[in-house]
Structure formats: C-alpha cells, structure tokens
Amino acid sequence: MGVPYMALKGAFLSFHAYPNPALRPMRDIDILVPEPVALQTFETLLANRYARFDDIQGDATAYLALSHQLPPLISPHGKVSIELHHRISNTQTDDAQFTIDDQFWARSVDLPIGGRLVQLESPTDLLRHLIHHAVYHHQFMSAPYSLPTSPT
C-alpha cells in the first residue's frame with residue numbers, strides 16, 4: 001500500500017532509552033499515518049484480519065473529527081493492540097495543540113528495531129510528545145500505572 005508511517009513514543013523508548021525493551025511497560029503500539037490516508041489504512045488493517053475491540057465501537061469516520069486516533073485494533077493473533085494515530089493532539093480535549101508542522105516527518109529518525117529500520121519521532125519531537133501526552137491525555141498520571149487517590 002505504501003503508506004508513510006511512524007512508530008510513536010513507546011517504540012523509541014523501549015529499544016533506545018531503556019537498557020532492555022522488557023523493562024518498558026506497553027499496552028499497545030502507537031502508529032502515526034498522514035490524516036488523509038488514516039481511514040483507508042484502518043480499513044486495510046481490518047481487511048487483513050485485524051479486529052476492533054468489542055467494547056470500542058462506533059463509526060471510525062467520526063473518530064477523525066473527534067479524536068487524535070482511530071479505534072484501537074487487535075492483531076490477527078490477538079496479542080498486539082495497535083492505535084492508529086492521524087495526529088498527536090486531541091482537538092476536542094487538549095487545551096494546547098501539538099501540531100505536526102511541515103518538517104515533523106523530515107525530522108524523524110530511522111533506528112533499528114527487531115533487525116529492521118523503523119521510522120520514529122526525532123528525539124526533540126518525542127520529548128514534546130511525551131510532555132503533551134502526560135499533561136493532556138493522562139493529567140500527569142503515568143500509564144499503565146496511576147497515582148493513589150488518597151494516602152493509605
């Protein structure tokens with residue numbers, strides 16, 4: 001299909017910031033694709049035996065306007081969850097927008113993961129993304145863990 005893609009956040013951190021990838025908790029793999037081809041890419045994954053989660057339904061087209069990503073998908077073997085992003089910010093809830101400027105893709109880096117080169121955010125964009133994600137998507141609560149709500 002030839003869709004440009006970039007692995008976001010955890011892929012870089014797991015293999016290039018931690019001494020061992022197993023030390024970096026991950027729930028899913030975040031993949032960025034250009035917004036104009038996001039829905040087509042989503043449909044291609046579905047046609048290739050990726051599946052939607054039973055409890056996360058709704059019209060995928062609506063996600064383009066309402067969210068920074070399409071509904072998550074589970075791989076054909078059922079072991080990997082993919083979040084297909086079409087932007088970094090959620091325009092409905094993020095007070096500050098993380099915009100993908102004209103040079104975002106050009107600044108990306110190709111680094112080895114699993115014996116092949118994978119396109120990743122530049123270190124500077126990764127840091128910006130992590131800060132944005134911590135503030136606006138997790139309100140400073142680090143997934144998959146959260147802070148206690150009251151002292152014990």
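As the structure is a computational prediction, the values presented were derived from the model and not from experiment.
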Ser75 (side chain) donor-acceptor with Val80 (main chain) under 3.5 angstrom: yes
Over 12 non-hydrogen atoms of neighbours within 6.0 angstrom of CG in Asp54: no
Test side-chain contact (heavy atoms from CB on, under 4.5 Å) applied to Asn20 - qualifying residues, sequence neighbours left out: Ala22, Leu23
Close side-chain approach of Leu8 to Glu121, heavy-atom, < 4.5 Å: yes
Distance in Å, Leu39 CG paired with Thr44 OG1, rounded so as to fall on 0.5 Å steps: 9.5 Å
Pairwise side-chain contact, Lys9 with Leu130, heavy-atom cut-off 4.5 Å (strictly under): yes
Side chain proximity check, Ile31 to Ile29, heavy atoms < 4.5 angstrom: yes
Side chain to side chain, Leu120 and Ile113, heavy atoms closer than 4.5 Å: yes
Leu111 and Leu117, any side-chain heavy atoms less than 4.5 Å apart: no
Ser67 side chain vs Tyr63 backbone, donor-acceptor pair below 3.5 Å: no
Ring geometry between His85 and His129 (parallel below 30°, tilted from 30 to 60°, perpendicular above 60°): perpendicular
Contact check, side chains of Ile88 and Ile100, non-hydrogen atoms, under 4.5 Å: yes
Value rounded to 0.5 Å, distance of OH in Tyr5 from CH2 in Trp105: 10.0 Å
Heavy-atom pair with the smallest gap, counting every atom of Leu70 and Ala60: CD2-O, 3.4 Å
Shortest non-hydrogen separation from Arg107 to Asp125 and the atoms involved: NE-OD2, 2.9 Å
Shortest non-hydrogen contact from Phe42 toward Leu84: N-CD2, 3.6 Å
Arg52 versus Gln57, closest heavy-atom pair with distance: NH2-C, 3.1 Å
Exercise: identify the closest heavy-atom pair between Leu32 and His86: CD1-C, 3.9 Å
Non-hydrogen side-chain atoms of Val109 and Pro123 separated by less than 4.5 Å: yes
Minimum heavy-atom distance Ile56-Pro72, with the two atoms named: CD1-CG, 3.6 Å
Separation of Leu127 CG from Ser122 OG (nearest 0.5 Å): 9.5 Å
4.5 Å side-chain heavy-atom contact, Met6 and Phe104: yes
Verdict with supporting geometry, Tyr50 and Ile82, side-chain contact (heavy atoms from CB on, under 4.5 Å): CA-CA 9 Å; Tyr50 281 75; Ile82 302 284; 3.9 Å; yes
Spatial distance of atom CG (Leu126) from atom CZ (Arg128) [nearest 0.5 Å]: 11.0 Å
Euclidean distance, Asp28 CG relative to Glu83 CD, rounded to 0.5 Å: 4.0 Å
Arg49 atom CZ, over 12 foreign heavy atoms within 6.0 Å: no
